[in-house]
Amino acid sequence: MLIPDRTFLRRLVQEYEALRAEESAKAAEPSPRARDLAYTLCVSTGTRDVRLALQTAHRLLAAVPEPARLAD
């Protein structure tokens, strides 16, 4: 399996989770944007279910350490 770019994957997960948290209080059905993000998460993680995609994304993000940043 190809491993997606860590920064891309993190942003994707954060945006999806934030959008779904916001929408869950308003509507049961996900918005078109949430469906697009879910699809992209599934494609990026090689899964077919957004719950599994999120689990896989979180596992991938936890497995790769943050790159060290140089102090200014």
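Worth saying up front: this structure is predicted, and the values here are computed from it rather than measured.
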Report task. State whether Arg20 and Glu17 are salt-bridged, where the test is any N-O pair (Lys NZ or Arg NE/NH1/NH2 against Asp/Glu carboxylate O) under 4.0 Å. Result ->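 No salt bridge links Arg20 with Glu17.
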Query raised in the report: Under the side-chain contact (heavy atoms from CB on, under 4.5 Å) criterion, do Ser31 and Glu23 qualify, and how do the steps go?
Result: CA-CA 8 Å; Ser31 67; Glu23 290 179 348; 2.4 Å; yes
Query raised in the report: So, the side chain of Arg6 versus the backbone of Leu61: is there a donor-acceptor pair under 3.5 Å, distance only?
Result: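 Yes, the answer is positive, given that a donor and an acceptor are paired below the 3.5 Å cut-off.
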Query raised in the report: Looking at residues at least two apart in the chain, or sitting in another chain, which of them share a side-chain hydrogen bond (donor to acceptor under 3.5 Å, both in side chains) with Asp49?
Result: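 Counting only residues at least two positions away or on another chain, Asp49 forms a side-chain hydrogen bond (donor to acceptor under 3.5 Å, both in side chains) with Arg51.
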Query raised in the report: Any idea which heavy atoms bring Pro30 and Ala34 closest together, and the distance?
Result: CB-CB, 3.8 Å
If you define the side chain from C-beta out and look only at heavy atoms, does anything of [X] sit under 4.5 Å from [Y]?
X: Thr56; Y: Arg59; result: yes
X: Tyr16; Y: Val50; result: yes
X: Leu9; Y: Leu41; result: yes

Query raised in the report: Among pairs that include at least one residue of residues 33-43, which meet salt bridge (charged side-chain N to carboxylate O under 4.0 Å, His left out), considering only residues two or more places apart or in two chains?
Result: Glu15-Arg33
Requested in this report: Under the side-chain contact (heavy atoms from CB on, under 4.5 Å) rule, what do Val13 and Phe8 come out as? Steps first, then yes or no, please.
Outcome: CA-CA 9 Å; Val13 168; Phe8 170 78; over 6 Å; no
